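Note that the coordinates shown come from a computational prediction; the quantities given were computed from them, not determined experimentally. When reading the values below, keep in mind they use all heavy atoms of this one structure, side chains included, and skip hydrogens, waters and symmetry mates. Along the sequence shown, the residues carry numbers beginning at 1.
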Amino acid sequence: MDLGIAGRKAIVCASSRGLGLACAKALAAAGCEVIINGRNRDRLTAAAAELKKSGATVIPVAADVASPDGQQALFAACPEPDILINNNAGPPFRDFRELDRQKMLDGVIANMIVAVELIQKAIDPMIAKKFGRIVNITSGSVKMPLVGLDLSSGARAGLTAFLAGIARSVAASNVTINFVLPGTFETDRFRSNIDATAKKKGVSYDAAFAERVGTVPAKRIGQPDELGAACAFLCSAQAGYITGQNLLIDGGAFSGAF
Ligand SMILES: NC(=O)c1ccc[n+]([C@@H]2O[C@H](COP(=O)([O-])OP(=O)(O)OC[C@H]3O[C@@H](n4cnc5c(N)ncnc54)[C@H](OP(=O)(O)O)[C@@H]3O)[C@@H](O)[C@H]2O)c1
């Protein structure tokens with residue numbers, strides 16, 4: 001399927017590996033110029049080299065997306081993106097009693113405020129051009145609570161509510177704002193979570209992995225490219241009538257009719 005976005009410029013935050021990289025890959029395959037990002041320069045350079053092999057135009061920006069300087073560097077590389085994919089690391093598992101005020105503020109900044117700041121920078125040129133696609137990678141935990149990830153769930157639910165009205169306010173300009181909600185995907189973050197669970201329970205990595213797979217109706221873990229493909233479709237020309245939506249991609253883990 002031709003997504004109708006060849007030549008569009010896309011900033012993909014936090015994309016040197018994992019779900020962000022998968023989104024960058026899918027957008028590059030659709031012919032977009034992609035600005036990829038991460039803090040570790042070596043990993044970012046390797047990801048850019050890999051993406052360039054397919055002939056894509058790739059601009060790596062080594063920066064912390066949560067910092068004002070990092071955001072400035074991203075927009076210096078691409079002042080008027082047509083597509084913005086918001087992504088960032090999530091906070092670690094923690095009992096909510098251990099969260100002091102500063103930790104809570106940090107979590108809200110990382111998983112809510114940063115995305116809003118980037119949208120503030122990107123949206124007016126999108127409106128002027130009558131084309132814009134914004135996708136926020138949040139989490140299945142927005143809909144289905146995960147004890148220990150309460151800060152992540154709360155900040156991301158806050159982002160979802162914050163942007164719900166804004167999505168409607170820019171829809172007439174062919175600017176859409178949507179959310180993809182990953183369930184369990186095989187990334188480095190997932191692997192380190194399984195490792196930590198295995199150590200905590202005193203079981204092997206394989207046993208902890210199998211237990212997690214058992215909780216997913218699809219009986220497998222998602223592959224990042226599956227999420228990347230869905231994200232690229234939400235950025236397509238054809239998806240202009242889809243806005244303000246939360247797309248769960250979780251192999252059926254969220255059990256509900258709606
Ligand atoms: N994987 C899952 O199953 C799953 C499920 C639900 C939600 N999520 C959420 O989806 C997001 C992506 O997860 P993932 O599994 O793809 O994680 P990952 O494999 O750990 O990859 C994270 C990527 O983000 C970059 N990054 C992290 N902090 C950054 C920062 N401050 N500035 C710029 N880049 C940054 C990392 O590069 P550097 O470290 O070099 O900066 C890396 O490229 C996270 O918010 C996670 O909580 C994931």
Side-chain angles (χ1 to χ4, degrees), residues 3 5-91 106-107 109-126 128-129 131-138 155-156 159 163 175 177-180 182 185 187-189 224-225 227-228 231-232 234-235:
L3 297 182
I5 48 176
R8 296 283 186 192
K9 293 178 195 301
I11 294 182
V12 188
C13 302
S15 52
S16 57
R17 60 180 167 166
L19 302 180
L21 177 59
C23 294
K25 257 198 233 170
L27 289 169
C32 295
E33 175 179 315
V34 290
I35 289 76
I36 62 167
N37 160 247
R39 294 161 301 179
N40 181 308
R41 194 175 290 274
D42 291 346
R43 189 158 44 222
L44 183 69
T45 306
E50 195 57 39
L51 284 176
K52 280 180 189 166
K53 280 186 192 163
S54 61
T57 304
V58 183
I59 303 173
V61 176
D64 179 347
V65 70
S67 73
D69 287 353
Q71 296 184 6
Q72 209 178 340
L74 280 169
F75 279 81
C78 182
E80 295 194 2
D82 303 293
I83 293 167
L84 170 66
I85 311 301
N86 277 318
N87 185 34
N88 195 6
D106 290 345
I109 290 170
N111 293 129
M112 176 180 173
I113 292 176
V114 168
V116 176
E117 288 173 336
L118 292 167
I119 291 171
Q120 285 173 328
K121 292 179 174 57
I123 207 158
D124 286 333
M126 290 178 174
K129 284 185 282 182
F131 182 91
R133 298 285 184 265
I134 297 168
V135 177
N136 304 282
I137 299 177
T138 62
R156 296 176 204 266
L159 177 68
L163 295 177
V175 176
I177 303 180
N178 289 294
F179 306 82
V180 289
F185 279 85
T187 64
D188 288 349
R189 177 180 165 87
D225 287 350
L227 185 135
C231 175
L234 289 173
C235 297

Please report the C-alpha distance between Phe185 and Leu19 in whole Å, then the side-chain angles of each, then the deciding distance to 0.1 Å, and finally whether the side-chain contact (heavy atoms from CB on, under 4.5 Å) criterion is met.
CA-CA 8 Å; Phe185 279 85; Leu19 302 180; 3.7 Å; yes
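- Two residues are said to be in side-chain contact when any heavy atoms from C-beta on lie closer than 4.5 Å; Val12 and Asn87 fail this criterion.
- Between the Asn136 side chain and the Thr138 main chain, no donor and acceptor come within less than 3.5 Å of each other.
- Between Leu159 and Asn111, the closest side-chain pair of non-hydrogen atoms is not below 4.5 Å.
- The shortest distance between side-chain heavy atoms of Ile11 and Ile83 does not fall below 4.5 Å.
- When every heavy atom of Ala66 is checked against every heavy atom of Val114, the shortest pair comes out as CA-CG2, 3.6 Å.
- No side-chain heavy atom of Asn86 sits less than 4.5 Å from a side-chain heavy atom of Ile137.
- The shortest distance between side-chain heavy atoms of Leu118 and Ile134 does not fall below 4.5 Å.
- Between Asp82 and Lys129 a salt bridge is recorded (basic side-chain N to carboxylate O distance below 4.0 Å).
- Considering all non-hydrogen atoms of both residues, Val61 and Leu44 come closest at C-CD2, 3.4 Å.
- One distance of note links CG of Asp69 with CG of Leu74; it measures 11.5 Å at 0.5 Å rounding.
- For the residue pair Pro224 and Gly18, the shortest heavy atom distance occurs at CB-O, 4.1 Å.
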For Ile85 and Cys231, what are the C-alpha separation, side-chain angles and deciding distance, and is it a side-chain contact (heavy atoms from CB on, under 4.5 Å)?
CA-CA 9 Å; Ile85 311 301; Cys231 175; 3.6 Å; yes
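- Using a 4.5 Å heavy-atom cutoff, the side chains of Asn88 and Cys13 are not in contact.
- The two residues Lys52 and Val58 have their closest heavy-atom pair at CE-O, 3.4 Å.
- Looking only at side-chain heavy atoms (C-beta outward), Leu163 and Ile119 come within less than 4.5 Å of each other.
- Using a 4.5 Å cut-off on side-chain heavy atoms (C-beta onward), Arg133 and Leu234 make no contact.
- Distance check, rounded to the nearest 0.5 Å: SG of Cys235 to CZ of Arg8 gives 11.0 Å.
- Around atom CZ of Arg41, no more than 12 heavy atoms belonging to other residues, nucleotides or ligands sit under 6.0 Å away.
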List the steps and the verdict of side-chain contact (heavy atoms from CB on, under 4.5 Å) for Cys78 and Ile59.
CA-CA 9 Å; Cys78 182; Ile59 303 173; over 6 Å; no
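- Taking both residues in full, the closest heavy atoms of Asn37 and Ala14 are given as OD1-N, 2.9 Å, listed atom of the first, atom of the second, then distance.
- Remark: Ile109 CD1 to Ser67 OG distance equals 11.5 Å, nearest 0.5 Å.
- Here the side chain of Asp225 pairs no donor or acceptor atom with the backbone of Gly228 at under 3.5 angstrom.
- Contact check on Asp188 versus Arg17 returns a salt bridge, with a Lys/Arg side-chain nitrogen under 4.0 Å from an Asp/Glu carboxylate oxygen.
- In terms of modelled atom types and a separation under 3.5 Å, the side chain of Gln71 and the main chain of Val65 share a donor-acceptor contact.
- The shortest non-hydrogen separation linking Cys32 to Ile5 is SG-O, 3.5 Å.
- In this structure, CD1 on Ile36 lies 10.5 Å from CD on Glu50, to the nearest 0.5 angstrom.
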